[in-house]
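Chain naming here is simple, since letters A, B, ... match the order of the sequence lines and numbering starts at 1 in each. Computed from a predicted structure; not experimentally measured.
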Protein chains: 2
Amino acid sequence: MKLSTKGRYAVTAMMDIALHEKQGPITLADISQCQGISLSYLEQLFAKLRKQGLVKGVRGPGGGYRLAKSADQISVADIIQSVDEKLDMTKCGGRGNCSSGEKCLTHQLWFELSCKLYKFLSGIKLDQYVNRPEINELVKKQDTQYGRFLNRSNAVV
Amino acid sequence: MKLSTKGRYAVTAMMDIALHEKQGPITLADISQCQGISLSYLEQLFAKLRKQGLVKGVRGPGGGYRLAKSADQISVADIIQSVDEKLDMTKCGGRGNCSSGEKCLTHQLWFELSCKLYKFLSGIKLDQYVNRPEINELVKKQDTQYGRFLNRSNAVV
DNA sequence: TAAATTCCTGACTGAAATAGTCAGGAATTA
DNA sequence: TAATTCCTGACTATTTCAGTCAGGAATTTA
């Protein structure tokens with residue numbers, strides 16, 4: 001498994017979308033500015049998130065990205081797996097032929113670790129953070145700071 | 001946080017030592033051969049493990065490495081942290097100045113995730129695997145296959 | 001004391017992943 | 001039709017991973 005900044009970028013962006021679900025599609029340019037992630041890099045990540053069916057792209061003016069499922073059905077594990085390829089930590093990909101055809105010494109350890117970690121990250125859904133008061137205050141601050149949604153009906157004043 | 005092959009190498013090597021604690025110090029050359037990890041790379045990893053006080057080096061013939069604490073006091077988290085620098089997943093290193101001096105949107109998420117993950121990996125100690133019968137069978141097989149400890153009093157026949 | 005063994009250190013290298021850039025096309029809205 | 005935004009692919013720089021190499025320091029054994 002890989003748990004790197006790449007995955008963090010993806011989760012951060014997804015959180016941003018989840019937190020603004022009511023305001024309609026969010027543009028990548030918006031996320032790029034607010035979260036400090038390069039636009040083109042975001043586009044690469046979102047290509048993968050789209051292929052995994054986590055987000056839907058809406059083209060044209062007023063478009064952007066929105067969640068493809070409800071926030072309580074999207075886990076951190078889903079997101080990380082989408083961009084980082086695999087969560088499996090065994091050398092052999094779970095096949096058990098890691099050491100000259102046999103299971104290696106630590107096959108069991110990694111296998112179990114992968115399972116537990118997966119379960120753990122699967123249990124954390126986006127909506128757990130969307131409804132917190134302290135997070136929502138932060139969101140408001142940021143939205144005002146960056147003047148988000150100014151040219152929309154639901155603009156932040 | 002990073003959870004890469006680097007950490008797996010380190011844990012694998014530590015497991016190997018823990019599993020052979022009774023046979024005295026284990027040489028890196030031995031681990032290199034049995035686990036298929038380059039010797040020089042192991043030396044780099046063990047320099048870090050030593051600095052963290054997880055292993056002790058014994059020089060000279062018959063020397064090698066042994067655990068600096070008992071196996072029930074060494075967790076997977078300890079090992080990964082030693083070689084991968086940090087388990088912390090926040091952008092700001094927990095300081096909370098990730099977004100123009102304020103906490104970023106996902107600070108809370110990463111902070112909590114780091115804590116949970118750390119607790120989780122801290123709970124997995126080396127000795128949990130040392131005493132399993134299925135693992136011990138594997139060890140015996142490997143030791144015979146590679147002719148380990150042949151020139152020692154406790155040689156595997 | 002000499003030789004062998006093993007840890008230990010630092011500098012270097014190739015390959016891959018990460019992160020970002022650039023240019024342009026496709027769909028949609030106004 | 002023009003503006004907006006997604007979408008795609010090729011390209012580049014930087015960092016990390018993994019491994020190599022050369023040599024020195026401590027220790028044991030002969």
| task | Grab the two heavy atoms, one from A:Val83 and one from A:Lys48, that are nearest each other, plus how far apart they are. | result | O-NZ, 3.6 Å
| Looking at the side chain of B:Ser4, which of D:dC17, D:dT8, C:dT21 is the nearest nucleotide? | D:dC17
| query | Taking NZ from A:Lys48 and P from C:dA17, how many angstroms apart are they, rounded to a whole number? | reply | 10 Å
| query | Is there a side-chain contact between A:Gln128 and A:Ile124, using heavy atoms and a 4.5 Å cut-off? | reply | yes
| query | Roughly, in whole Å, what's the span from OH in A:Tyr65 to C1' in D:dC7? | reply | 7 Å
| request: Could you list the residues that satisfy side chain to side chain donor-acceptor pair (under 3.5 Å) with A:Ser75, not counting sequence neighbours? | output: A:Asp78
| Could you go step by step and tell me if A:Leu126 and A:Ile17 meet the side chain to side chain contact (heavy atoms under 4.5 Å, CB included) rule? | CA-CA 10 Å; A:Leu126 284 186; A:Ile17 296 181; over 6 Å; no
| task | Write down the distance between CD (A:Gln33) and P (D:dT5), rounded to a whole number of angstrom. | result | 13 Å
| remark: A:Ile26 atom CD1 is separated from D:dT4 atom P, nearest whole Å, by 18 Å
| request: Give the minimum heavy-atom separation between B:Leu39 and B:Ala29, together with the two atoms involved. | output: CD1-N, 3.7 Å
| Any residue meeting ring pair (Phe, Tyr, Trp, His ring centres under 6.0 Å) with B:Tyr129, in chain and number order, not counting sequence neighbours | none
| Nearest-Å distance, CD1 (A:Ile31) to P (D:dC7)? | 12 Å
With a 3.5 Å cut-off and sequence neighbours excluded, list the donor-acceptor pairs that the side chains of residues 51-70 of chain A form with protein atoms.
unit_1  : atom_1 : unit_2  : atom_2 : d
A:Ser70 : OG     : A:Asp72 : OD1    : 2.4

| In whole angstrom, what separates B:Tyr9's OH from D:dT16's P? | 19 Å
Restricting both atoms to N or O, compile the protein contacts to nucleotides 28-30 of chain D shorter than 3.5 Å, with distance only.
none

| message | We want to know whether A:His20 and A:Asp30 form a side-chain donor-acceptor pair, criterion being a heavy-atom distance below 3.5 angstrom. | response | no
| query | Can you name the salt bridge (Lys or Arg N to Asp or Glu O under 4.0 Å) partners of A:Glu134, sequence neighbours left out? | reply | A:Arg132
| query | Over how many whole Å does the gap from B:Lys56 atom NZ to C:dC8 atom C1' extend? | reply | 17 Å
| query | Taking DNA chain D as the partner, which of residues 39-47 of chain B come within under 4.0 angstrom of it by heavy atom? | reply | B:Ser40, B:Tyr41, B:Gln44
| field | Atom pair distance, as rounded to whole Å: CZ in A:Arg50 and P in D:dT5 | value | 17 Å
